[in-house]
Amino acid sequence: MTVDQAVARDAPPDIADDAEQPSLAKGVVEAGVTSASGGEGPELARVVPVSGRRWSVPRWLRRTVGPLALLVLWQVLSAGGVLEADILASPGTIAATAGDLVADGTLPSAMSVSLQRVAVGLLLGGVTGVALALVSGLSRLGEDLVDATVQMLRSVPWVGVIPLFIIWLGIGEAPKIALISLGVAFHLYLNVYAGIRGVDAQLVEAGTSLGLSRWGLIRHVVLPGALPGAMTGLRYSLATAWLALVFGEQVNADDGLGFLMNQAREFFRTDVIVVCLVVYAILGLIADFLVRTLERLLLQWRPTFTGQ
């Protein structure tokens, strides 16, 4: 009988268990050495995570499957005569038309004019909407004076005021920019106002107890809390700006994407119309991407769920 066995026999149960642990560890080490030296014993298998065994398709490739499938179906239907050219041109014809419009400078010039209108309208409407939201959201008196009027005007379809804009502002650039500004202002007002009023009251109380002034509360608590709503409103505003541009450029425009679409409609050029619509869509996607990037930069302190 060895010393370890005698100690384990005479010791209490807890101590006996502790005495057996070195022996067990020694046995495991010896089994591992035996296995490594080529003898018989348990073999250690490498554990591979489930996610490592499964091959995943890149996300950008998955996102292109739907549009590519739609283009292929469109081309097949056009080549088979199901879609006639005077109803909807084929993707090949549209691509050739887009190349011609870019080569002669027509499309870049129209895009430049339309982008200027959207930029000016977005700036004016954004400043107006945010200013009204601050007045209404930060003060009860401001809410009583501003909110009811804005809600009443918001209920009126902004496209329906085009005749009034033409009477008041003429048929130049002013009614087009005013229409874009009107659509932008309402979206920003609603989202910024909701963001301000959605700030947690306990955060405001905590800031007050820490000695922050009213301006300090607005700067460090209210405005950061309202920023997610403002970014959402900016995304909606950009979409509305492009929609308002389409309607605005129907009003006696002599340049821009809407002017190209009007000319193409008169001559039944569906290829030119589709080219302009694709340009609208691409510009909208670029604008949305820029806002998403800005949102990630400004809201790094706010982790969100991004899907699985």
Side-chain angles (χ1 to χ4, degrees), residues 57-122 157-159 162 166 171-173 175-177 179-180 183-184 235-293:
V57 180
R59 187 177 181 186
W60 64 268
L61 184 59
R62 287 182 297 175
R63 293 173 69 91
T64 58
V65 171
L68 289 178
L70 181 61
L71 285 177
V72 171
L73 178 62
W74 184 359
Q75 182 65 40
V76 169
L77 293 178
S78 298
V82 178
L83 288 177
E84 299 180 359
D86 56 348
I87 296 178
L88 184 62
S90 65
T93 304
I94 292 171
T97 302
D100 295 339
L101 291 175
V102 172
D104 61 14
T106 301
L107 189 59
S109 176
M111 289 175 57
S112 175
V113 173
S114 296
L115 284 173
Q116 291 178 8
R117 290 168 179 161
V118 169
V120 175
L122 184 65
W158 48 268
V159 180
I162 293 179
I166 294 176
I171 57 175
E173 292 295 312
K176 304 175 182 59
I177 295 176
L179 188 65
I180 297 173
V184 167
R235 293 179 63 184
Y236 280 119
S237 298
L238 283 170
T240 303
W242 294 113
L243 180 61
L245 178 68
V246 174
F247 287 101
E249 288 185 337
Q250 308 297 320
V251 182
N252 196 34
D254 55 359
D255 200 354
L257 295 174
F259 174 70
L260 286 181
M261 293 180 67
N262 280 335
Q263 280 191 327
R265 180 190 61 190
E266 295 177 358
F267 295 98
F268 298 98
R269 293 289 305 274
T270 59
D271 52 349
V272 177
I273 294 175
V274 175
V275 167
C276 294
L277 293 177
V278 170
V279 171
Y280 277 128
I282 293 174
L283 293 177
L285 288 176
I286 293 174
D288 187 72
F289 171 76
L290 294 177
V291 175
R292 285 175 178 266
T293 304

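Computation of the quantities below employed the complete heavy-atom set of this structure, encompassing side-chain atoms and omitting hydrogens, waters and symmetry-equivalent molecules.
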Side chain to side chain, [X] and [Y], heavy atoms closer than 4.5 Å:
X	Y	answer
N262	R265	yes
I286	I282	yes
R235	R292	yes
W158	V184	no
D288	L238	no
V272	F267	no
Y280	M261	yes
T270	D86	no

S90-T93 side chain donor-acceptor pair, cut-off 3.5 Å: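 Distance-only check passes for S90 and T93.
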
Pair R117-E173, salt bridge (Lys or Arg N to Asp or Glu O under 4.0 Å): steps then yes or no: CA-CA 8 Å; R117 290 168 179 161; E173 292 295 312; 2.7 Å; yes

Heavy-atom donor-acceptor pair, [X] side chain to [Y] backbone, under 3.5 Å:
X	Y	result
T293	F289	yes
S114	M111	no
W74	A89	yes

Write down the atom of [X], the atom of [Y], and the distance for their closest heavy-atom approach.
X	Y	answer
A241	I180	CB-CG2, 3.9 Å
P91	Q75	CD-OE1, 3.2 Å
A287	W242	CB-NE1, 4.2 Å
L101	P108	O-CD, 3.9 Å
S237	L122	CB-CD1, 4.4 Å
G172	P175	O-CD, 3.4 Å

Check against side chain to side chain contact (heavy atoms under 4.5 Å, CB included), R269 and T97: CA-CA 10 Å; R269 293 289 305 274; T97 302; 3.9 Å; yes

Stepwise side chain to side chain contact (heavy atoms under 4.5 Å, CB included) check, L88 with V274: CA-CA 8 Å; L88 184 62; V274 175; 3.8 Å; yes

Euclidean distance, L83 CG relative to L77 CG, rounded to 0.5 Å: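 Interatomic distance, L77 CG to L83 CG, rounded to 0.5 Å: 5.0 Å.
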
Side chain to side chain contact (heavy atoms under 4.5 Å, CB included) assessment of V278 paired with I94: CA-CA 10 Å; V278 170; I94 292 171; 5.5 Å; no

The single option from V246, L107, V113 passing side chain to side chain contact (heavy atoms under 4.5 Å, CB included) against L257: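 Result: among V246, L107, V113, L107 is the only option passing the side chain to side chain contact (heavy atoms under 4.5 Å, CB included) with L257.
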
CG (L290) with more than 12 external heavy atoms under 6.0 Å: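 Yes, because the 6.0 Å sphere around CG of L290 holds more than 12 heavy atoms from other groups.
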
Atom CZ of R63: over 12 foreign heavy atoms under 6.0 Å: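 Not more than 12 within 6.0 Å, no.
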
D271 vs V275, side chain to side chain contact (heavy atoms under 4.5 Å, CB included): CA-CA, chis, key distance, verdict: CA-CA 6 Å; D271 52 349; V275 167; 5.5 Å; no

